[in-house]
Amino acid sequence: MYNHNEIEKKWQNYWDENKSFEAINGGSKPKYYILIEFPYPSGTGLHIGHPRSYTALDTLARKRRMQGYNVLFPMGWDAFGLPAENYAIKNKIHPKDAVKENIAVFKNQLKNLGFSFDWSREFSTTDPDYYKWTQWQFLKFYEHGLAYKDKKTINWCLSCKVGLSNEEVEQGKCERCGGEVVKKEKEQWMLRMRRYADKLIEGLEDTNFIDRVKTAQINWIGKSEGAEVNFEVDGTDERLVVFTTRIDTIYGVTFMVLAPEHPILETLKDKINNYNEVVDYQIETAKKSEFERVELAKSKTGVRLEGIYAINPVTNTRIPIYISDYVMMGYGTGAIMAVPAHDRRDYDFAKKYNIPIIEVIKGGDIESEPYIGDGMMINSGILNGIDNKKSAIEKMISYLEESGIAKRTVNYRLQDWVFSRQRFWGEPIPMIHCDSCGWVPVPDSDLPVLLPDVASYEPTDNGESPLANMPEWYTTACPKCGKQARRETDTMPNWAGSSWYWLRYMDPNNKDYFVGRDALEYWGKVDWYNGGMEHATRHLLYARFWHRFMYDIGLVPTKEPFSIRTAHGMVLGEDGEKISKSKGNGIDPNIISDEYGADTLRTYEMFMGDYEADTAWSTNGLKGCRRFLDRLWRIQDKVINEMSLSKELEVSIHKTIKKVSDDIENMKYNTAVSSLMTLLNEYDKQDNITKGDLRVFITLLNPIAPHITEEINELQGLGPILCESKWPTYDESKIIDETFEMVVQVNGKVRGKVEVPSDATDEEMKSYALEIDNIKRYIEGRDIVKIIVVPKKLINIVIK
RNA sequence: GCGGGUAUGGCGGAAUUGGUAGACGCGCUAGACUUAGGAUCUAGUGGAGCAAUCCAUGGGGGUUCAAGUCCCUUUACCCGCACCA
């Protein structure tokens, strides 16, 4: 047993005092930038899941330093957001004080775990020195026409009284509080992220993101290629534009459906005989929450527009027009051409309202089911006889394009980014509204627009930001004309601060600029970025969008911010369930590291399972890792004063160097630890080991368990401080065994094993195999059909 | 519905990518040392069988000398998105 508390404190102090992990901008070493998602410093302290990814990337960082890189491995705080605000309201303190306390707790916990962060670059997104530049960059979006304010039907959380982006609505409920979400019209600041949809897809080619992250991003952007088709409204000059990916089915269009909010309804008001019904339905729809609209509307509802018809441009027949809430204003054009024979939703609607169903693709029985698959085109004029949708689509689109009825379009699921929040605890949007000049940006020299130090900042009842209750804050002079004007009282979303933080780490104390150009050029891309799968879509898209825009206007030198992106699995409770307060299955990392030591916790979190997969916590497993470290401690008794490697251990040591080196690169931390356990088992079997044997071992283990290894190194006088030493290399010629155990199979089943020299030829291997008694028994009196030889592995004798 | 993922002993998980299934750890069993053991050490540990052997990677087919790994099919669970036209 060793005293972990004493040893760990000692080395943590040493690293602090010697600034062991502070990165320097520049120098002759190659650079390596490792980034781990910075935490939201919640009041409950570190979660047991945090040390998993932090240790993994810390291990990489420590290894890279030993490999001679200039490593940037920073840490900071993403501290704007609702929880801090709610906590502060509840406890009647200013959020900035709450945040300060929480950061202190978090930082202390991280230090106790011995992570090699460069604390000299620490900052919080809530620091005015930082959010000044967040505001400044917002103004760049504005200058380039990418930030605009628009009336927007937004998701509105009734209980938080705050607008939410699509990304923050989960299953029709508020992501934060689980409360009811309804639609509400509001003027919101928006960023034109949609314009970057293609760039965000293409940019992925320049990255090494793990596949599931790439796929998640592509799906989220939701690119879909199709066409916009014009349908005349009979007897008017108006026309309806629809988006479709299946223009080949246009002969089957027997009606049209508009979103209830569609603007043409207002235009055609006078022609619609039952306009009052339309209005009733609109009111009905607006009242429904997103959840109701999706979940409860399994059976379709709608209203037919009496008195008006659309014209199917290929059949020239008059078709009825409906409104229904199954068509969304937010996707495509808010209007669809309905093909009931081949679309589930249109089919249900047509059945309910007795609309004709015309089959245009052969297959299935459309009396009972819409047919969705591929097949021969029928009832389709020029398309008849074509048997695959690809050519049918191509033919129809070219035909309609010629006559100006249709044009090719691409649609995206991705929406513009709603950038306004009606909250106090966020970066104020640096815009001023003047009655004569309109929206005017705050001049750079007046940045940052600071949040006020006030006692009360409860949300207003009408859903405005608390800042809207503070005339002394929002009243100001128009920067353009000097007349009295009003500051924007909305603040930025939580995601803003995390959309450029990796840039600031490169040059965190720059007073004059968001990041110095030299620092940007020096550090370039983040080489390795790790974070949770829950951020694979939104955070990562916002960050990439932000960065790409900064590239387009020449402020950063790279198109993409991150090279490698990996994602860790969750640490589940001992019961295999996701950790939650209500289940009471949480594990406190403080208690664990106090009782078992930071090295034990770190080793266990690396060992517990596949890094990318969710894994249940096991206190017994943790104890096993402590036993491993105790055994390492005890092996000191066997050390003899000799620097060369033991003959008996040499091959194993070289193999382990290779294994651990490769495993860390491939995030196979669990097998890296297990191979070290195996090696220690071998050391244990020896009567004594050399200083050299031990030095290699603790060097390999050092990135994972940095304290105990430094201590042993010092106690035994094995060499210089490990974290400043070289990573061991292996000798290819030393990892070859002189002999190997050859497996002999008969008809694919193992029937014998024999020790064979590694350099045995195929013929020699065969003769070894045929000498084994058990093999002789099997092949006696049988015909040998063939013998398969796998060099240095096995022989399979096929008999009849 | 669409997209992604997972399935291997009592448990967490290995398996060089088609070549000995179960590394390593936990747990368990027996023994040693002990006043004691929830410390440590030794041995054993997928199932059946005295054994030779047989069976076994969610289920069912297939390819192959050889399949956890490849192909087809099917089931269960997890995650993300969702009347996306």
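From a predicted model like this one, the values you see are computed outputs, not experimental measurements. Proteins get letters first, then strands, A, B, ... in listed order; numbering begins at 1 in each.
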For [N], give the paired nucleotide (Watson-Crick: N1-N3 plus N6-O4 or O6-N4; G-U: N1-O2 and O6-N3; both under 3.5 Å), or none.
{"N": "B:U17", "answer": "none"}
{"N": "B:A85", "answer": "none"}
{"N": "B:C33", "answer": "none"}
{"N": "B:C2", "answer": "B:G80"}
{"N": "B:G10", "answer": "B:C26"}
{"N": "B:C54", "answer": "B:G47"}

Using side-chain heavy atoms (C-beta onward) and a distance below 4.5 Å, is A:Lys749 in contact with A:Val746?
no
I'd like to check the side-chain contact (heavy atoms from CB on, under 4.5 Å) partners of A:Lys766; sequence neighbours left out, ordered by chain and number.
A:Glu763, A:Ile787, A:Val789, A:Ile795
Answer yes or no: does a side-chain N or O of [X] lie under 4.0 Å from OP1 or OP2 of [N]?
{"X": "A:Arg344", "N": "B:G1", "value": "no"}
{"X": "A:Arg631", "N": "B:U40", "value": "no"}
{"X": "A:Asn620", "N": "B:G38", "value": "no"}
{"X": "A:Ser618", "N": "B:G25", "value": "no"}
{"X": "A:Asn670", "N": "B:A14", "value": "yes"}
{"X": "A:Lys753", "N": "B:U20", "value": "no"}

Consider the side chain of [X], meaning its heavy atoms from C-beta on, and name the nucleotide among [options] that approaches it most closely.
{"X": "A:Ser674", "options": "B:C65, B:A23, B:C81", "value": "B:A23"}
{"X": "A:Thr678", "options": "B:G13, B:U20, B:C24", "value": "B:C24"}
{"X": "A:Arg212", "options": "B:G4, B:A85, B:U20", "value": "B:G4"}

dist A:Asn411:CG -> A:Arg194:CZ (nearest 0.5 Å) comes out at 6.5 Å
Between [M] and [N], how far apart are the [atom1] atoms? Round to whole Å, please.
{"N": "B:A14", "M": "B:A7", "atom1": "C1'", "value": "16 Å"}
{"N": "B:U53", "M": "B:A21", "atom1": "P", "value": "14 Å"}
{"N": "B:U69", "M": "B:G58", "atom1": "P", "value": "8 Å"}
{"N": "B:G68", "M": "B:G3", "atom1": "C1'", "value": "26 Å"}

I'd like to know whether A:Arg304 forms a side-chain contact (heavy atoms from CB on, under 4.5 Å) with A:Tyr353, so could you lay out the CA-CA distance, the side-chain angles of the two residues, the decisive distance to 0.1 Å, and finally the verdict.
CA-CA 9 Å; A:Arg304 178 165 176 181; A:Tyr353 292 97; over 6 Å; no
Could you tell me whether [X] contacts a base, only the sugar-phosphate backbone, or nothing, with contacts defined as non-hydrogen atoms closer than 4.0 Å?
{"X": "A:Gly222", "result": "nothing"}
{"X": "A:Arg627", "result": "sugar-phosphate"}
{"X": "A:Glu534", "result": "nothing"}

Just by distance, no angles: are the side chains of [X] and [Y] close enough, under 3.5 Å, to form a donor-acceptor pair?
{"X": "A:Asn219", "Y": "A:Arg413", "result": "no"}
{"X": "A:Glu37", "Y": "A:His535", "result": "yes"}
{"X": "A:Tyr778", "Y": "A:Arg751", "result": "yes"}

Less than 3.5 Å between a donor and an acceptor, one on the side chain of A:Asn796 and one on the base of B:C65, is that the case here?
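Side chain to base: pair present.
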In the 5'-to-3' direction, what one-character label does each nucleotide of nucleotides 46-54 of chain B receive under the scheme B = base within less than 4.0 Å of a protein heavy atom, S = sugar-phosphate only, - = no such atom?
------SSS
Where does B:G80 land, syn or anti, given syn is within 90° of 0?
anti
Taking the inter-plane angle between the rings of A:Tyr683 and A:Phe697 on a 0 to 90° scale, is it parallel (under 30°), tilted (30 to 60°) or perpendicular (over 60°)?
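The arrangement is tilted - the two ring planes meet at 30° to 60°.
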Nearest-Å distance, CD (A:Glu612) to C1' (B:G4)?
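From A:Glu612 CD to B:G4 C1': 13 Å.
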